[in-house]
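One structure is given below, encoded as structure tokens.
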Amino acid sequence: MVRVGLRYLGLSYIFILAVACGLALPAQAQSDKPAASSPPASSAASSSGASSGTAATGAQAQPTQAQPGDEIDPLHRKPNEKQKKQQKSALKIELSKTYKKWLNEDVVWIITDEERAAFKQLSNDEERDNFIEAFWQRRDPTPDTEENEYKEEHYRRIAYANEHFAAGIPGWKSDRGRMYIMYGPADEIDAHPSGGSYERPMEEGGGETSTFPFETWRYRYLEGIGQEVIIEFVDTCMCGDYHMTLDRSEKDALKYTPNAGLTLYEQMGMSTKADRFNTSGLEQLGGGPMSSQLQTKEFDRLEQYAKLQAPPPIKFKDLEEIVNTKLITNLMPFDVRSDFVKVTGDTVLVPITIQMKYRDITFANKDGVQRGTVNIFGRVSTLTGRVVQTFEDTAQVDVPAELLPRTAENSSVYWKALPLRPGRYKIEIAVKDVNGDRKGLWSRGIVVPEYSDDKLSTSSLIVADQMEAVPTKDVSTGSFVIGVTKVRPRVAPADGKPALFKRSRDQKVNFWMQVYNLGVDEKTHKPSATFEFDIVNIATNKPVVQKTESTETMGNVGEQVTLQKSIASANLQPGVYRIEIKVNDNISKQTVDPSATFAVE
């Protein structure tokens with residue numbers, strides 16, 4: 001009661017003082033909010049505001065000034081630094097799985113720190129899509145063309161790394177995969193896949209020892225790093241997992257074995273093996289004729305090693321992309337096939353194969369040879385109409401004049417591989433017969449599959465009329481090349497009939513497919529799976545060819561396996577066949593069984 005009385009008297013005194021000074025305190029009185037635990041004081045404040053209504057008229061134009069004891073509306077309160085950080089963090093939308101994989105897998109070895117920081121600041125998917133588009137544009141060596149050779153080469157390198165450098169982890173994650181993706185194939189590779197006896201060069205101390213498996217890569221020149229770049233990889237676990245090393249003695253399997261694998265000076269008694277471990281340098285090579293020069297080169301080796309860790313420099317920064325092509329439908333027929341090959345968990349290589357019959361191409365005499373020329377334009381867009389990729393090329397066919405009538409049923413085949421993310425797309429392809437001015441349009445929707453890391457899956461099962469290994473210099477480059485193999489698909493006609501092969505001893509029917517995410521045994525670090533190949537005559541529904549293989553007989557394989565089989569078409573009777581490949585993963589207990597049809601006549 002005493003507190004309430006004092007509160008009432010205080011408010012009354014303030015009111016009288018306000019009237020005397022000409023201040024508009026009714027608003028202030030109404031804004032005073034007593035504590036919830038004091039209902040009588042709340043009542044007193046309300047009545048005080050009510051009784052002072054006459055003073056409000058002259059005070060409406062005056063701004064109400066808050067007193068130190070007044071409460072401030074939370075909606076208008078200025079946040080402090082801590083609250084600003086919390087709000088900023090809350091406004092950031094967490095990167096989706098797709099963009100995280102692009103950042104942490106697709107471009108992890110080539111994106112700069114500045115680009116990574118900028119990408120993490122983006123707040124929506126539209127900004128991220130624009131960033132990714134600009135990211136590749138900055139690296140395009142031919143900005144005035146539709147193709148981005150850098151991007152295509154980058155994803156080819158990832159595919160090659162996954163196929164050749166996997167060892168319990170995807171190939172792109174390995175040190176060899178990282179160097180290959182960043183700098184491409186080495187000019188020279190000195191490979192010792194089994195280790196064994198090794199005669200040291202003098203700069204390593206000389207003498208003979210036994211080594212773990214190792215590889216030495218030599219680049220004649222790398223921009224931003226220098227000339228004669230030597231990189232050494234060692235597999236100390238003997239499991240195929242080569243790691244990059246600064247210490248060339250790391251490959252020495254007898255390094256810790258007393259009196260074994262001695263260097264030249266150690267054999268002569270001019271130094272001891274214990275001296276290797278008493279130095280403070282980068283390497284433990286042991287004494288030799290050139291040991292005194294090692295320390296002078298250590299800083300150079302450290303500098304080179306640091307530079308190799310950084311993303312490659314961006315060569316092309318100023319770009320413009322202009323895609324404004326009108327597609328016109330006409331009567332020139334052609335067939336199209338699309339396949340899917342995994343590159344990373346979030347990127348799929350989509351080879352597009354276009355097949356045109358000679359009879360639909362107009363040939364013109366060119367220096368005594370009949371030449372047919374077809375212009376090709378392709379565009380890939382999302383379902384919302386956003387253009388993802390375009391390509392433009394010219395296909396030419398030269399046939400001796402006397403053979404042209406007999407080659408009317410032959411086909412010209414064009415191939416283009418596009419890296420795409422999983423999802424639905426629309427592909428539009430336009431062709432123009434240059435000599436005959438005929439045009440044609442093909443348009444279809446495709447669904448690029450998502451290859452999850454824990455699910456057994458396969459690429460497209462490709463039925464090919466050509467399949468052969470390519471030279472080392474052509475790996476992952478050129479038409480129809482997937483990894484280390486040239487695979488030219490036989491395209492099925494648009495009328496729904498299967499791809500056709502002529503029955504001949506010279507004509508082979510080839511099958512190519514990759515298997516992904518095979519389970520790996522925790523102890524052996526190897527997969528365990530079987531592959532059953534069946535060629536079934538569709539008319540009789542009986543297998544005419546059967547074969548089974550297992551990973552145990554396929555050598556050193558990882559979680560990804562490439563399957564390649566061929567059969568002479570002469571060994572098959574005319575008819576329609578189905579090739580079935582059943583993959584049984586004994587570790588993950590998963591099974592896949594893709595199939596494809598073809599015909600022989």
Problem - Min side-chain heavy-atom separation Val108-Trp172 under 4.5 Å - result: yes

Practice task
For residues 540-550, pull every pair meeting salt bridge (charged side-chain N to carboxylate O under 4.0 Å, His left out), keeping only residues two or more places apart or in separate chains.
Solution key: Glu549-Lys565

Completion exercise
Heavy-atom closest pair (Tyr451 atom, Ser459 atom, distance to 0.1 Å) is OH-CA, 3.7 Å

Exercise for the section: Using modelled atom types only, decide if a donor and an acceptor are shared between the side chain of Arg444 and the backbone of Ile427 within a distance under 3.5 Å. Expected result: no

Exercise for the section: Before accepting this row, confirm whether a basic side-chain N of the pair Glu601/Arg503 lies closer than 4.0 Å to the acidic partner's carboxylate O. Expected result: no

Problem - Which atom of Ala529 lies closest to which atom of Asp585, heavy atoms considered - result: CB-CA, 4.1 Å

Problem - CZ-CG distance between Arg128 and Asn130, expressed to the nearest 0.5 angstrom - result: 11.5 Å

Exercise for the section: Anything under 30° is parallel, anything over 60° is perpendicular, the rest tilted; go ahead and classify Phe511 against Phe598. Expected result: tilted

Fill in the blank from the handout: So CG of Asp454 and OG of Ser588: to nearest 0.5 Å the spacing works out to 9.5 Å

Exercise for the section: For Ser338, check side-chain contact (heavy atoms from CB on, under 4.5 Å) against everything at least two apart and list the hits. Expected result: Phe340, Val350, Ile352, Ile446

Exercise for the section: State whether the side chain of Asp175 and the backbone N or O of Met244 hold a donor-acceptor pair below 3.5 Å, judged by distance alone. Expected result: yes

Practice task
Evaluate the side-chain proximity of Lys416 to Leu418: yes if any heavy-atom separation is below 4.5 Å, no if none is.
Solution key: yes

Problem - Lys357: side-chain contact (heavy atoms from CB on, under 4.5 Å) partners, not counting sequence neighbours - result: Arg359, Asp360, Glu409, Ser411

Exercise for the section: Check whether the side chains of His243 and Asp241 place a donor and an acceptor atom closer than 3.5 Å, and report yes or no. Expected result: no

Exercise for the section: Give a yes or no on whether the backbone of Ser457 and the side-chain of Gln590 come within a donor-acceptor separation of less than 3.5 Å. Expected result: no

Problem - Donor + acceptor pair across side chains of Ser528, Asn586 (<3.5 Å) - result: yes

Practice task
Mark yes or no for whether Asn510, through its side chain, and Gln564, through its backbone, hold a donor-acceptor pair below 3.5 Å.
Solution key: no

Handout entry: Salt bridge present between Glu468 and Lys508 (N-O < 4.0 angstrom)
Key = no

Fill in the blank from the handout: Rounded to the nearest 0.5 angstrom, the CH2-NZ distance for Trp415 and Lys486 is 10.5 Å

Practice task
Identify, with sequence neighbours excluded, every residue that meets salt bridge (Lys or Arg N to Asp or Glu O under 4.0 Å) alongside Asp593.
Solution key: none

Handout entry: Atom of Pro449, atom of Val348 and distance for their closest heavy-atom approach
Key = O-CG2, 3.5 Å

Exercise for the section: Give the C-alpha distance, both sets of side-chain angles, the deciding distance and a yes or no for side-chain contact (heavy atoms from CB on, under 4.5 Å) between Lys526 and Asp521. Expected result: CA-CA 5 Å; Lys526 294 181 179 180; Asp521 185 85; 5.7 Å; no

Exercise for the section: State whether the side chain of Asn541 and the backbone N or O of Val536 hold a donor-acceptor pair below 3.5 Å, judged by distance alone. Expected result: no

Practice task
Decide if atom NZ of Lys101 counts as having more than 12 heavy atoms of other residues, nucleotides or ligands within a radius under 6.0 Å.
Solution key: yes

Handout entry: Asp335 and Arg337 ion-paired at < 4.0 Å
Key = no

Problem - Close side-chain approach of Thr236 to Phe214, heavy-atom, < 4.5 Å - result: no

Handout entry: Plane angle bin for Phe165 and Tyr160 - parallel if under 30°, tilted between 30 and 60°, otherwise perpendicular
Key = perpendicular

Handout entry: Contact check, side chains of Tyr180 and Pro185, non-hydrogen atoms, under 4.5 Å
Key = yes

Handout entry: Chi angles and distances behind the side-chain contact (heavy atoms from CB on, under 4.5 Å) call for Ile462, Ile482
Key = CA-CA 11 Å; Ile462 300 177; Ile482 305 176; 4.2 Å; yes

Completion exercise
Minimal heavy-atom distance between Thr562 and Trp512, with the atoms involved, is CG2-NE1, 3.5 Å

Problem - CA sep, side-chain torsions, deciding dist, call: Arg116, Asn104, side-chain contact (heavy atoms from CB on, under 4.5 Å) - result: CA-CA 10 Å; Arg116 180 182 292 274; Asn104 299 325; 3.5 Å; yes

Practice task
Mind checking side-chain contact (heavy atoms from CB on, under 4.5 Å) for Arg406 and listing every partner two or more places apart, or none if nothing turns up?
Solution key: Leu403

Exercise for the section: Identify whether the distance between the nearest side-chain nitrogen and carboxylate oxygen of Asp398 and Arg371 falls below 4.0 Å. Expected result: yes

Practice task
Output yes when a side-chain donor or acceptor of Asn375 lies under 3.5 Å from a complementary backbone atom of Lys432, and no otherwise.
Solution key: no

Practice task
Could you tell me whether Trp217 and Phe233 have their ring centroids closer than 6.0 angstrom?
Solution key: yes

Exercise for the section: Using a 4.5 Å cut-off on heavy atoms from C-beta on, say whether the side chain of Val374 contacts that of Ser412. Expected result: no

Completion exercise
Shortest non-hydrogen pair, Val107 vs His154, comes out as CA-NE2, 4.4 Å

Handout entry: Side chain Asn148, main chain Trp136, donor-acceptor under 3.5 Å
Key = yes

Problem - Donor-acceptor contact present, side-chain Ser504 to main-chain Asp506, <3.5 Å - result: yes

Problem - Cationic N near anionic O, under 4.0 Å, Glu580 to Arg578 - result: yes

Exercise for the section: Ignoring hydrogens and angles, state whether a donor on the side chain of Tyr99 or Asp346 is under 3.5 Å from an acceptor on the partner side chain. Expected result: no

Fill in the blank from the handout: In short, Gln507 meets Asp465 closest at the heavy-atom pair NE2-O, 3.5 Å

Handout entry: Side-chain touch Phe531/Val583, heavy atoms, less than 4.5 angstrom
Key = yes

Exercise for the section: Look at the side chain of Ser569 and the backbone N and O of Val509, then say whether any donor-acceptor pair between them is shorter than 3.5 Å. Expected result: no

Exercise for the section: Would you indicate whether the side-chain heavy atoms of Phe334 and Ile429 approach each other to under 4.5 Å? Expected result: yes

Exercise for the section: Determine whether the aromatic ring centres of Trp102 and Phe135 lie less than 6.0 Å apart. Expected result: yes

Problem - Counterpart residues, side-chain contact (heavy atoms from CB on, under 4.5 Å), relative to Met238 (two or more places apart) - result: Phe212, Pro213

Practice task
Test Phe501 against Leu572 for side-chain contact (heavy atoms from CB on, under 4.5 Å), laying out the working first.
Solution key: CA-CA 10 Å; Phe501 292 81; Leu572 298 172; over 6 Å; no

Practice task
Mark yes or no for whether Arg424, through its side chain, and Gly445, through its backbone, hold a donor-acceptor pair below 3.5 Å.
Solution key: no

Handout entry: Crowding at CD, Glu522 (>12 non-hydrogen neighbours, <6.0 Å)
Key = no

Completion exercise
Rounded to the nearest 0.5 angstrom, the CZ-CG distance for Phe533 and Leu563 is 4.5 Å

Fill in the blank from the handout: d(Thr540 OG1, Tyr577 OH) to nearest 0.5 Å is 8.0 Å

Problem - salt_bridge(Arg176, Asp235) N-O dist < 4.0 Å - result: no

Problem - Carboxylate-amine/guanidinium contact Glu559 Lys342, below 4.0 Å - result: no

Problem - Nearest-0.5 Å distance, CG of residue Asn435 to OG1 of residue Thr373 - result: 5.0 Å

Problem - Check: Lys151 and Asp140 side chains under 4.5 Å, non-hydrogen atoms - result: no

